[in-house]
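Please read the structure below before turning to the comments.
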Amino acid sequence: MSERLTSVVIVGARGRMGQTLLKTVLESDSMTLAGAVDRTGGPGLDQDAGTLCRMPACGTLVSDTMDPPRGAVVVDFSLPGATERNIRRCLELRAPLVLGTTGISAETRALLKEAAKEIPIVSAANFSVGVTLMTRLAALAAKSLGPEWEAELFELHHRHKRDSPSGTALRIGKAVAAANGRRLDDVAVMSREKADRARTGEEIGVMSLRGGNSVGEHTLMFFGEGERIELTHRAMDRAIFARGALRAARWLTDRAPGLYDMVDVLDLGRL
Ligand code: NAD
């Protein structure tokens, strides 16, 4: 029996992630491209989505209008300024949404939660299967080690990344804090610039490095007395995010309304 094709619309199509998503969809036997969307103006609008991602022409042109056909899943990796409008459009059209854009505001996150009462949404700061698992391992380690082990986190990304710390670092930090009954907002130290004080027991340092073309690197360290544990994830190719996001799109088809994340897609269960 042939597998049903998942139909997707890629938003942010001209971007780094957009082009990787387009290529992954066009190379896939289980997906079809129902649309490619980017902002009004600039080069590449009306270009064939296939040639945009250095593949053979596919007949779908990059458009500035999001018009997903019935049954198609919207996969949005654009910029935070666009997210609110994209959520509202998905609501209007009852289109399931996979949201990868990071750095969205608290207001937009609130809108996302409201929208998820009516449409199914998968939102993740990092769609990599490896990072999803690392976040889970981080929580397990923090819980087993207890708060007396000091946790510090650093992340490294390419020079173009705008938001810092990365959404993934915040997610890992939240998991570590929550494992011992803390809130990251209460204990995070994002910079130690000119700090004339020693580290406190409960704080979690989150540091950002930017440069070169690193796709993304996260290292979590737990410091005990005379020993240290490090958990590291290195992304070598942004196709890992595209594969994860498209796996989420397949999983989301015919799902009930709700706000899901990669933990649900991978069926890792809630802690
Ligand atoms: P990019 O700057 O290369 O691409 C963004 C694209 O969005 C551009 O083509 C831009 O023209 C387009 N855009 C801007 N406004 C738009 C609008 N109103 N409608 C449609 N398109 C619009 O950025 P990128 O590196 O491709 O990353 C895109 C987003 O995805 C960022 O927020 C990034 O942090 C995030 N990201 C998430 C993951 C994840 O796993 N969740 C992984 C990588 C990147």
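Note that the coordinates shown come from a computational prediction; the quantities given were computed from them, not determined experimentally. All ligand and atom numbering here is 1-based and tracks the order in the structure. The residues of the chain are indexed from 1 along the displayed sequence.
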Looking at atom 26 (O) of ligand 1, what's its closest protein heavy atom, distance included?
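Looking only at protein heavy atoms, the one closest to atom 26 (O) of ligand 1 is M17 N, 2.8 Å.
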
To check your reading of the model: name the closest protein heavy atom to atom 1 (P) of ligand 1, its residue, and the distance in Å.
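Here the nearest protein heavy atom works out to R16 NH2, 3.8 Å.
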
Tell me, with the steps shown, if R4 and D254 meet salt bridge (Lys or Arg N to Asp or Glu O under 4.0 Å).
CA-CA 12 Å; R4 207 174 91 186; D254 299 332; 3.3 Å; yes

Identity of the nearest option to atom 4 (O) of ligand 1, non-hydrogen atoms only, from A125, G15, S128
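Answer by nearest heavy atom: G15.
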
Note: D163-K161 ion pair, threshold 4.0 Å (strictly below)
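Looking at K161 together with D163, the answer is yes, because their closest N to O distance falls below 4.0 Å.
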
Is [X] touching ligand 1 with its side chain, its backbone, both, or neither, if touching means heavy atoms under 4.0 Å apart?
X    : value
F127 : both
N86  : neither
A124 : backbone

If we only consider heavy atoms of K161, is any one of them less than 4.0 Å away from an atom in ligand 1?
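True for this residue.
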
Heavy-atom contact check, 4.0 Å cutoff: does G103 meet ligand 1?
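Under 4.0 Å: no for G103.
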
Do side-chain atoms of R171 reach the backbone of T132 as a donor and acceptor pair under 3.5 angstrom?
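Checking the backbone N and O of T132 against the side chain of R171, no donor-acceptor pair under 3.5 Å is found.
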
Which of the atoms of ligand 1 are close to T101, meaning less than 4.0 Å from one of its heavy atoms?
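What qualifies from ligand 1 is 32 (O).
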
